[in-house]
Protein chains: 4
Amino acid sequence: MQAARLHEYTDEMSEGLSIDDVDRPTVEGPTDVIVEVEGAGWCQTDNHIIEGMWAEYVPQPLPMTLGHENAGTVVGTGAEVDLVAEGDPVICHPVQTCGTCRPCRLGETMYCENDAFNGLTTDGGFAEYLHTSERSVIPLPAGVEPIDIAPHADAGITAYHAAKKAISDLNPGDHAVVIGVGGLGHIGLQCLDAMSAARITAVDLKDSALELADGYGADHLINPSEADVRAELDGITDGKGAAQVLDFVGADVTTEYAPDITAAGGDHHIIGYGGHIHEPAQALVNGEFSFVGNIVGRYAELQELVSLVEQDDVDLHTSRFDLGEINMVAEKLERREIDGRAVITP
Amino acid sequence: MQAARLHEYTDEMSEGLSIDDVDRPTVEGPTDVIVEVEGAGWCQTDNHIIEGMWAEYVPQPLPMTLGHENAGTVVGTGAEVDLVAEGDPVICHPVQTCGTCRPCRLGETMYCENDAFNGLTTDGGFAEYLHTSERSVIPLPAGVEPIDIAPHADAGITAYHAAKKAISDLNPGDHAVVIGVGGLGHIGLQCLDAMSAARITAVDLKDSALELADGYGADHLINPSEADVRAELDGITDGKGAAQVLDFVGADVTTEYAPDITAAGGDHHIIGYGGHIHEPAQALVNGEFSFVGNIVGRYAELQELVSLVEQDDVDLHTSRFDLGEINMVAEKLERREIDGRAVITP
Amino acid sequence: MQAARLHEYTDEMSEGLSIDDVDRPTVEGPTDVIVEVEGAGWCQTDNHIIEGMWAEYVPQPLPMTLGHENAGTVVGTGAEVDLVAEGDPVICHPVQTCGTCRPCRLGETMYCENDAFNGLTTDGGFAEYLHTSERSVIPLPAGVEPIDIAPHADAGITAYHAAKKAISDLNPGDHAVVIGVGGLGHIGLQCLDAMSAARITAVDLKDSALELADGYGADHLINPSEADVRAELDGITDGKGAAQVLDFVGADVTTEYAPDITAAGGDHHIIGYGGHIHEPAQALVNGEFSFVGNIVGRYAELQELVSLVEQDDVDLHTSRFDLGEINMVAEKLERREIDGRAVITP
Amino acid sequence: MQAARLHEYTDEMSEGLSIDDVDRPTVEGPTDVIVEVEGAGWCQTDNHIIEGMWAEYVPQPLPMTLGHENAGTVVGTGAEVDLVAEGDPVICHPVQTCGTCRPCRLGETMYCENDAFNGLTTDGGFAEYLHTSERSVIPLPAGVEPIDIAPHADAGITAYHAAKKAISDLNPGDHAVVIGVGGLGHIGLQCLDAMSAARITAVDLKDSALELADGYGADHLINPSEADVRAELDGITDGKGAAQVLDFVGADVTTEYAPDITAAGGDHHIIGYGGHIHEPAQALVNGEFSFVGNIVGRYAELQELVSLVEQDDVDLHTSRFDLGEINMVAEKLERREIDGRAVITP
């Protein structure tokens, strides 16, 4: 079968991956599941992986097929698999977990001590078929198409995960800020809107993104190229700051907002990355705010997100590309030319 | 009466405060309480205030009497005061709150929108008498002496507040780390021990501090001058990291431990300050850990700490000094020559 | 001024209260607030008070002016009042609290150890003027009229309080059940809808109430006179039961549903009352469900509800009556002839 | 092998179970684990099962080997088992779970939709060998003997589970009440003591049980045959009631305490069963207390309890019996003649 694979780290997105002919994966263990991939979302993290930005954090056996946002149809199952059967449409949580370590026991599947991460530490789904396991697939409800939901496998649950942490501290009347209304941010904003009665301010450099935010329930819009973010939020929140800030950018300039825009006791969630946090410890003491790390959501959270999608609470903007166009997609994303989420259809 | 007052910011601790003769405070409003100060703890923050380190964070009308860790006896009360009467021994929460803003309504008294902070934004208790209010005093149970408990008014509740946040995520078998077993750290360690069944590792450069920690329930001790903190904790936690880290130092070198010693989903609590956080956003994403700011605990938390003291769960090491020795105390602390907590007895 | 007062307990609603001429309340203490009442909601609890059903639970000095759902305009303030001034429109939390007991410190104002409850333990607002305090009034945002919001002072926050407890355990896809879509239930349903992405089933004997529920976001409707509640919910929840049940009726027949309709680990919230719980302890063990008591919400929760109202998330059905019609209102409610909430306009 | 099996429900404990000769269980599936049973605790629930008290709640295929508190040594494992190997000492969580239903994904393993419960719905461990699975065994730390820890598999985690729920609402100075210091209660009391700084009152009809409680950290002791429980607790809690009540008895007479001894907002935990709850809904509204159901703790909680045992925080009183003495044990328990926990050694 055909698969888009990374052979060596590079900054040249135009030649990041090569389309290789590889063996089609087969059922080997009793809980294996083989999925015919119908949709595979392209993520900013794929660019970061190609650049080698994850090499110091996780083991990456190269060459490796990228792709961690997959959905498709089950075409093979191990002898012990009960959850799905051949022909079932599924979305694939990117993390394959063991189910028996303590984090798995606690439901904190993202911290599995024996995990494999599709397209990050093991072959992913920019390919015709994906090898995964019963513990990592979720059957889709009637009416939800794999190709439409694929990006939720990572972009979606990451945004949902952060939003869910945020809403536990958002009372009606409290303020939330969404920094960056892109692939993840536009999902996070809709999750906040569906699951809380907070007032939401969207911050983005692109007016088109702010328009999108406006349609998704944002109460206030700020374009940092036209207005001072700190002053605007000071006015919006009556000088008190926002209880929860979801930073989908994670650049130096956005993490720096924290002491000025976060309410006492509030959280600045780091979801996007690329930049750094530079902050005196005293600032965190004085304002009692936190920088809260956020990784991909858990399996159970992906179930919850599928429910939100089924209930039409979360809309996803996608554009489709062939597997052969994959490096072009990487380049376009680098130049911020992708509208919504790019989905590869292997 | 005599009061130790700051007239201008200086790095010279030997002449930081001057002993002035000022008017004794009197009851003016219906909820006023006047306390004859019997004990007033000296805090590292007092050194920081003298150095001007808080000038950019809060308004400071100079000259100002310092001192935010006070306990003593009530000598005057406004007409509406029911909680205490003349002669009652009390500990004074350092923050005078309004009781009617939303944070006060929520019990989050530290975020009061109309607060005054003893010795930081208004006259404090390095003086014979302190002007405070009914909302900021807690009657002491029988058997607890003001002079013995005074440092709990800030050192104590700050440590307790952080420990309380930490224990909500500490299951039996989880690991907690206390960095810095000084004035605050030795209280925080005892609070962790009394309120959780976590395994505790104490980290300090002074062997005497580690010995103290050993007696207070620490399961493991690390002296960074003799052993590699990261490697030791890796061994102690079986490579999983500590669920909760309480950083009572807050230096660059201690905040840098976070990505290496904090378990997935864990927290690095910033309590001590002076240094900075410098961390790539990606580190927080990869390990899903947080830098959690901590300020002084709330009024209700000071009540809880007084209960711990009453139950003999928290011991306090103090040494006593006259008001006239106050600049010497500041110097000694700067040189780390104070054992336990210095208490001024005005 | 005129006030509707209870002189002795009776089951005859037609002569429950008498319209007396009493002294207009005046400012006496420094935090007193006098409100000219514009709207005063009539509550099922008023009927219960008249019947003497609260006599064994709280002290009731008779004669007493009833009325605990009040809103109006400030006409007098004590010397220390900062929160409001003459002419300000306000909603009155029914509980007057001390602000200095431990529950008040924790923000749990409903457990105030020195409280007075309007119309239950002290004179309430079925009168031209109400004597209350700064701690019990909330200024209304522009555009919100006292007469329209009055019932939220009790019906509203009680429903909101229970809904808020429920949503902390409601993930997207989970099921919630609202039993009784009357004065409180229709508010609770809207709160659930605004603050969660749960699927909501409304249960009521009146089809008109179910139609109302349908418009407010209920996903499923059950009329117990036409369908078996247990069987219907079994089908709706795929045999798993509802995570959260809000019982605004509290009759024997509704509390009996609990073991059959509540999911493992779920809660059956008791908000309405009148009936009993009769259940083997083993049922609670086997299903690990809880019967959760609910009282009026806290002051801070009324602030949050006012925010929901301001954001048009919660609609209130009311009909207006003169003070002289008050016993007729009581009778009508007894016969279930009141549509929405009756508001007295003294 | 020999196994103690229930053939039909009876109230005659002297002939409840018969010692049958049955086939020794073997490894069949890839995740199967066979344990040679060294200790099997006898539980009040075993008496209830024999009496048929669980027949209406769960399916019970008779004849069935009872026994749900097992520990021993692994003697066989399926091909996919990684967690344990032959020769490993283990404690057996009584519930065999699927690992793929939503409750399992959430870590709420007690709500597994495809579970089997040792000795309740499938053959248990009053036998030489037990058939269980990788998902239900926990390796024992060095120094912990199977025979000593066996009763923790049910008595222990049930008590731990309730205590853990309770401590999340217990601040220092708050009051907890333990009703019934028997097989479960004496563990629950120790868990409360190890994991909180609450003040604990023990209630039991046997003075020997109260003496035990005294040694395990109870601050107050009440024998209902000698003192009025309500009046005593009123004095102990200064009229405020206990924040958390753990009712290990669950009789009519103990659930009736709730409205009088539970603090506003508090919980009366139902752990023991046999009696009923009879309470007006109004009582739960007025006091805003809850009746909280409690079932066996989760797998992860048993891990935590094993940690407590390893740290010497929880002591267990046991007496040992041969398999042939099993009906005598049932009779003795019925007559309350068992001191601590009876452990069968097959």
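A, B, ... follow the sequence lines: proteins, then strands. Residue 1 opens every chain.
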Need one label for D/Phe289: side chain, backbone, both or neither, based on atoms under 4.5 Å from any heavy atom in chain C.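 Contact with chain C involves the backbone of D/Phe289 alone.
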Part of D/Met110 within contact of chain C (heavy atom distance under 4.5 Å):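 Neither part; nothing is under 4.5 Å.
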Give, for atom CD of C/Glu288 and atom CG of D/Asn294, the distance between the pair rounded to the nearest 0.5 Å.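 Here the rounded value is 5.5 Å.
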Mind ranking C/Leu284, C/Asn286, C/Val292 by heavy-atom pairs under 4.5 Å with chain D and telling me who comes out on top?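 Maximum pair count with chain D is reached by C/Asn286.
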What residue in C/Gly265, C/Gly287, C/Gly274, C/Ala251 has the most heavy-atom pairs under 4.5 Å with chain D?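 Option with the greatest count: C/Gly265.
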Using the side chain to side chain contact (heavy atoms under 4.5 Å, CB included) definition, which of the options D/Thr158, D/Ile270, D/Val296, D/Thr45 pairs with C/Val285?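 Answer after filtering D/Thr158, D/Ile270, D/Val296, D/Thr45: D/Ile270.
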What's the verdict on side chain to side chain contact (heavy atoms under 4.5 Å, CB included) for D/Glu113 and C/Asp238, showing C-alpha distance, side-chain angles and the deciding distance? CA-CA 12 Å; D/Glu113 294 167 5; C/Asp238 205 12; over 6 Å; no
Answer whether the closest heavy-atom distance between the side chains of C/His276 and D/Glu279 falls below 4.5 Å.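 Contact flag for C/His276/D/Glu279 side chains = no.
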Quick check on C/Ala283 against chain D: is it the side chain, the backbone, both or neither that has a heavy atom closer than 4.5 Å?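 Both the backbone and the side chain of C/Ala283 come within 4.5 Å of chain D.
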What residue in D/Trp54, D/Tyr273, D/Tyr57 has the most heavy-atom pairs under 4.5 Å with chain C?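 Highest number of heavy-atom pairs under 4.5 Å: D/Tyr57.
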Can you tell me which of D/His268, D/Lys240, D/Glu108 forms the most heavy-atom pairs within a distance under 4.5 Å of chain C?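 Highest number of heavy-atom pairs under 4.5 Å: D/Lys240.
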Non-hydrogen atoms of C/Ala281 and D/Gly272 that approach each other most closely: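 In this case the closest contact between C/Ala281 and D/Gly272 is CB-O, 4.1 Å.
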